[in-house]
Amino acid sequence: MTDSIKGASNDSINNKRRDFIVKSTSVAATVAATVAASVAVTGSLTACSDSADEQFAAAPDFTYGVASGDPLTDRIILWTYAKFPGADAAVTVPLTWQIATDANFNSIVSSGKIDASESTGFTAKVDATGLTAGVDYFYRFQGPRGSSSIVGSTRTLPAANVASLKFAVFSCSLYSEGFFNAYDAAAKSDAQYAVHVGDYIYEYGAATNEFGNTDAVALARVAVPANDIVSLSDYRARYAQYRSDPSTRALHAKMPWITIWDDHEFANNAYVNGAENHNAVTQGDWTTRKNIAARVYHEWMPIRSDTTNLLKIYRSFDFGSLFSLHMLDTRIEGRDQQYDNFGDKDGGVTRYIAGITPNAAGVLPDASRRMISTTQQTWLTSQLTASRATWQFLGNQDIMARMWIPFSVAQYFNPANANPTAGGAAVQAYLGAKATRAVGGTAALTATQTALLDPAKNPRLPYNLDSWDGYPANREQLLQTVKSLNKKLVVLSGDSHNGWFTILTTLAGEKVGVEFAGTSVSSPGFESAGLGGLGSSLDGSALVPQLGNAAIGAGLGLIDDLNYSDTIRRGYLLMTVTSGAVKGEYVYVSTVKSSTYTASVGRTITVGQAGDIVYS
């Protein structure tokens, strides 16, 4: 999703389109009831415990704590940052690392030496081997002055016979917008692994008119450095600031992470050859900036790096026989420029329509446009084919489902045609037609309602061309591959700053899988643009007063494939996987403007092996 939808000021046309939705939606009041129905699960929590603060204070040589990631059955990446306070930048810090089966390190199972030096920004990471599948471990780093890092806990991937696993899913953590309470809540949960699907940092500077900076001064979370990050020192300083956050340090120390980048680790709306938020005149060569951003990402994240090509980070993880997790790079590795990133007055709509309109030879011009490269798609096909796990998960940056809005409503998004009264009536008419069909079948529809529900007469249009909707041919290829392999597909997505659960369908409407898209850790969503009340119209829950619980998960909203949405709250996804089902809990925090908060489960969605779905 572009930052115009998230609230940035650089695309006023799209902002006006989204802003009009809420002005023309008369059913927004039902969202309040949805919010009130959340079940509190944690009580009031603070961002970091006193004992953890004391541990960090006692380890001054290890300012940003420790982290682990990219677990395999026999190894795991360990990470830290080490620099002598006040030391010259050229002073290398020799370190010893240790892994043990107990927190007191009486049973050390693996250890070694590594340096933290200026060449890596004083970060250090090692691929610790010789471990056992499905075992909890403790680890630490020790410096030459007798200092020691805090003790981290981690876990290898499970053996093949594992019965159940839990992991937390995150995206879009914007430091200046507020506190990372979602990280804190997850650290207190029973999740065993953390999966971050992108926007771990943001590149924007500290100006008050930059995205997410409204409360930065009051919250003492002003971006460092003050400019948009471009240079090597800029990116390193920004990662250091994010890793200074106590909730971030605590979650990294608590469990292993599996991460993938999105655009803001580089620049907003990035693609292979550029980005919306990159100005070559003032910020230099894009390839240079891209390579710097990738280098620093690998320095600061506990990721297993391919030193021959730091831009290649798509990879797979097998969680026993339960599921395989394939982490995709839909942003940097192969993406063509977005339709809505050319500066067109219509936001790229004309380009999009031209792309999906067959030429004289019956060929779609869009067919050659890529979200992921042919190379990555071939790799994914081979991974899916080879996996014998029950479930196939894709860790994916952008919304994959068809988020299409009917033209009868979408036409009023255009500022040139803005008409709140007509727009509100259009939403009511479309939802009313769906409600009538749900109760009485097609025979109960009027001629007008029948026309509204006929895609040939009332075509559906995508609202976000930065997502997979902007690359429909490439998406269709992927879904057809999954269909032909008969795999049970679950996609995990981020980027949009809102919570979604969708059915993944081909262009012919065939169900191929499901998508759990989590809301952001802190970045503002639709509510920041006055669109918080839109969710119930999008997913059809606005019809609960008429249809009761039958309206939940029935696809009765403006978007056919959308069965749940939350356009108000921040948080994370807690996933539980067994051979029989995948359960996703949408955990929301009450605020990101204070480090004291409550956490609640807004919706639990369970998908069975047979494709049955339960909403609770």
Side-chain angles (χ1 to χ4, degrees), residues 55-71 75-99 105 108 110-130 138-152 154 200-201 203 224-225 229-245 248-249 252-253 256-257 259 261 265-266 287-313:
Q55 289 183 55
F56 281 109
D61 293 351
F62 300 90
T63 311
Y64 305 107
V66 296
S68 68
D70 274 18
R75 66 194 61 199
I76 197 162
I77 298 291
L78 305 181
W79 177 98
T80 195
Y81 171 101
K83 185 178 182 183
F84 296 143
D88 183 85
V91 175
T92 295
V93 183
L95 301 172
T96 298
W97 58 269
Q98 298 174 326
I99 297 183
F105 289 82
I108 297 175
S110 188
S111 64
K113 306 287 186 181
I114 192 171
D115 292 337
S117 67
E118 192 279 334
S119 65
T120 57
F122 291 95
T123 64
K125 63 182 181 181
V126 61
D127 201 350
T129 61
F138 299 88
Y139 65 99
R140 67 184 177 188
F141 291 83
Q142 294 178 315
R145 306 191 306 181
S147 62
S148 180
S149 71
I150 66 164
V151 174
T154 190
Y200 179 88
I201 66 162
E203 84 280 14
V224 174
I229 53 177
V230 177
S231 69
L232 179 64
S233 60
D234 287 345
Y235 278 95
R236 283 175 171 172
R238 187 61 57 84
Y239 275 93
Q241 180 180 42
Y242 274 61
R243 291 295 271 272
S244 71
D245 175 81
T248 304
R249 293 186 312 203
H252 270 298
W257 286 46
T259 69
W261 56 44
E265 289 89 348
F266 297 82
T287 299
T288 299
R289 183 182 184 184
K290 180 172 66 172
N291 288 335
I292 287 172
R295 172 183 173 177
V296 179
Y297 183 89
H298 282 276
E299 288 177 352
W300 283 84
M301 302 302 287
I303 180 176
R304 189 169 284 105
S305 304
D306 180 351
T307 56
T308 65
N309 183 7
L310 294 181
L311 292 172
K312 178 180 176 295
I313 64 171

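Fair warning: this is a prediction, and the values are worked out from it, not measured in the lab. Keep in mind that the numbers below use all heavy atoms, side chains included, and drop hydrogens, waters and symmetry copies.
Using a 4.5 Å cut-off on side-chain heavy atoms (C-beta onward), Ile229 and Ile201 make contact. Val93 has its side chain within reach of Pro144: a pair of non-hydrogen atoms, C-beta onward, lies under 4.5 Å apart. Side-chain contact between Ser110 and Tyr139 is absent, with no heavy-atom pair separated by less than 4.5 Å. You'll find the side chain of Val66 reaches within 4.5 Å of the side chain of Ile150, heavy atoms only. Phe122 is not listed as a side-chain neighbour of Tyr64, based on a closest heavy-atom distance of 4.5 Å or more. With a 4.5 Å cut-off on side-chain heavy atoms, Trp79 and Trp257 do not count as touching. Proximity of Ser68 to Pro302: side-chain heavy atoms (C-beta onward) are nowhere separated by under 4.5 Å. At a threshold of 4.5 Å between non-hydrogen side-chain atoms, the residues Asp127 and Arg304 count as touching.
Between Asn291 atom CG and Phe266 atom CZ the span is 8.5 Å, to the nearest 0.5 Å. Here the straight-line distance linking atom NZ of Lys125 with atom CD1 of Ile303 works out to 6.5 Å at 0.5 Å rounding. To the nearest 0.5 Å, the span separating OG1 on Thr308 from CG on Asp306 amounts to 3.5 Å. Here Tyr200 contributes atom OH and Met301 contributes atom CE; the two are 4.5 Å apart, rounded to the nearest 0.5 Å. Summarising the geometry, atom CZ belonging to Arg236 is positioned 7.0 Å from atom OG1 belonging to Thr120; distances are rounded to the nearest 0.5 Å. The OG atom of Ser148 sits 10.5 Å away from atom CZ of Phe141, with the distance rounded to the nearest 0.5 Å.
The shortest heavy-atom contact between His298 and Ser305 is ND1-OG, 2.6 Å. Annotation for Leu95 and Ala124: closest pair CD1-CB, 4.1 Å, computed over non-hydrogen atoms. Listed here is the closest heavy atom pair of Ser117 and Thr92: CB-OG1, 3.6 Å. The shortest non-hydrogen separation linking Ala237 to Pro225 is CB-CD, 3.9 Å. Between Arg249 and Thr63, the shortest heavy-atom contact is NH1-O, 3.6 Å. Annotation for Ser119 and Arg295: closest pair O-NH2, 2.9 Å, computed over non-hydrogen atoms.
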Exercise. Do Thr259 and Tyr297 pass the side chain to side chain donor-acceptor pair (under 3.5 Å) test, and can you show the C-alpha distance, the side-chain angles, and the key distance before you say yes or no?
Worked result: CA-CA 10 Å; Thr259 69; Tyr297 183 89; 2.8 Å; yes

For this session: Run the numbers on His252 and Thr248 for side-chain contact (heavy atoms from CB on, under 4.5 Å), then give the verdict.
Result: CA-CA 6 Å; His252 270 298; Thr248 304; 3.7 Å; yes

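Cation-pi geometry between Arg140 and Phe105 is satisfied (NZ or CZ under 6.0 Å from the ring centre, within 45° of the ring normal).
Under the 30°/60° scheme for interplanar angles, the aromatic rings of Trp300 and Tyr239 are found to lie parallel.
Among residues two or more places apart in sequence or in another chain, the side-chain hydrogen bond (donor to acceptor under 3.5 Å, both in side chains) test is passed with Arg289 by Tyr235, His278, Gln283.
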